[in-house]
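For reference, the structure is listed below as structure tokens.
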Amino acid sequence: MSVTHSPEMHAQLIARIPTVTGRELSEWFDTLEQGPGLSRCLERTNWLADEYNLSHGYAQAIVQEYDRRRRNRTPIPNQRTT
């Protein structure tokens with residue numbers, strides 16, 4: 001079961017990650033990029049939580065933020081005009 005945090009709760013979790021985990025968000029993003037090639041959000045969340053002993057809530061926030069930032073940096077393909 002996947003639960004999405006409210007935008008406010010997500011922002012609070014993201015802000016606390018360095019303090020709670022001892023690692024910056026960018027380090028967690030590197031960990032996700034170098035981790036196993038899991039495609040589903042829940043799989044990556046469970047892997048992160050299990051592998052690094054994180055609570056499910058923090059692991060989910062990291063994965064969701066990683067996905068959000070990754071989507072925003074992906075360029076939109078050029079559309080042809082006819």
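The model shown is predicted, which means the values in this text are computed figures rather than measured ones.
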Given side chains that start at C-beta, do those of Pro7 and His10 come closer than 4.5 Å, heavy atoms only?
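Not in contact.
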
Quick one: are Ile62 and Leu54 in side-chain contact, heavy atoms under 4.5 Å?
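Side-chain contact under 4.5 Å: yes.
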
Can you sort out the partners of Thr31 under side chain to side chain donor-acceptor pair (under 3.5 Å), two or more places apart, ordered by chain and number?
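Arg23.
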
For Thr45, enumerate each residue passing the side chain to side chain donor-acceptor pair (under 3.5 Å) test, keeping only those at least two apart in sequence or located in another chain.
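In terms of side chain to side chain donor-acceptor pair (under 3.5 Å), with neighbours along the sequence ignored, Thr45 is linked to no residue.
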
Using a 3.5 Å cut-off and no angle test, enumerate the donor-acceptor pairs between side-chain atoms of residues 35-44 and protein atoms at least two apart in sequence or in another chain.
{"residue": "Glu43", "atom": "OE1", "partner": "Arg40", "partner atom": "N", "Å": "3.3"}
{"residue": "Arg44", "atom": "NH1", "partner": "Asp67", "partner atom": "OD1", "Å": "2.8"}
{"residue": "Arg44", "atom": "NH2", "partner": "Asp67", "partner atom": "OD1", "Å": "3.2"}
{"residue": "Arg44", "atom": "NH2", "partner": "Asp67", "partner atom": "OD2", "Å": "2.8"}

Distance in Å, [X] [atom1] paired with [Y] [atom2], rounded so as to fall on 0.5 Å steps:
X	Y	atom1	atom2	result
Ser55	Leu13	OG	CG	7.5 Å
Gln60	Asn46	CD	CG	9.5 Å
Glu27	Ile17	CD	CD1	12.0 Å

Could you tell me which residues satisfy salt bridge (charged side-chain N to carboxylate O under 4.0 Å, His left out) with Glu33, sequence neighbours excluded, listed by chain and number?
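Only Arg73 meet the salt bridge (charged side-chain N to carboxylate O under 4.0 Å, His left out) criterion with Glu33.
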
Salt bridge (Lys or Arg N to Asp or Glu O under 4.0 Å) contacts touching residues 48-65 (sequence neighbours left out)
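Residue pairs with at least one partner in residues 48-65: Glu65-Arg68, Glu65-Arg69.
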
Test ring pair (Phe, Tyr, Trp, His ring centres under 6.0 Å) applied to Tyr52 - qualifying residues, sequence neighbours left out:
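Applying ring pair (Phe, Tyr, Trp, His ring centres under 6.0 Å) to Tyr52 gives Trp28, Trp47.
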
Report the residues that fulfil ring pair (Phe, Tyr, Trp, His ring centres under 6.0 Å) with Tyr58, sequence neighbours left out, ordered by chain and then residue number.
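Counting only residues at least two positions away or on another chain, Tyr58 forms no ring pair (Phe, Tyr, Trp, His ring centres under 6.0 Å).
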
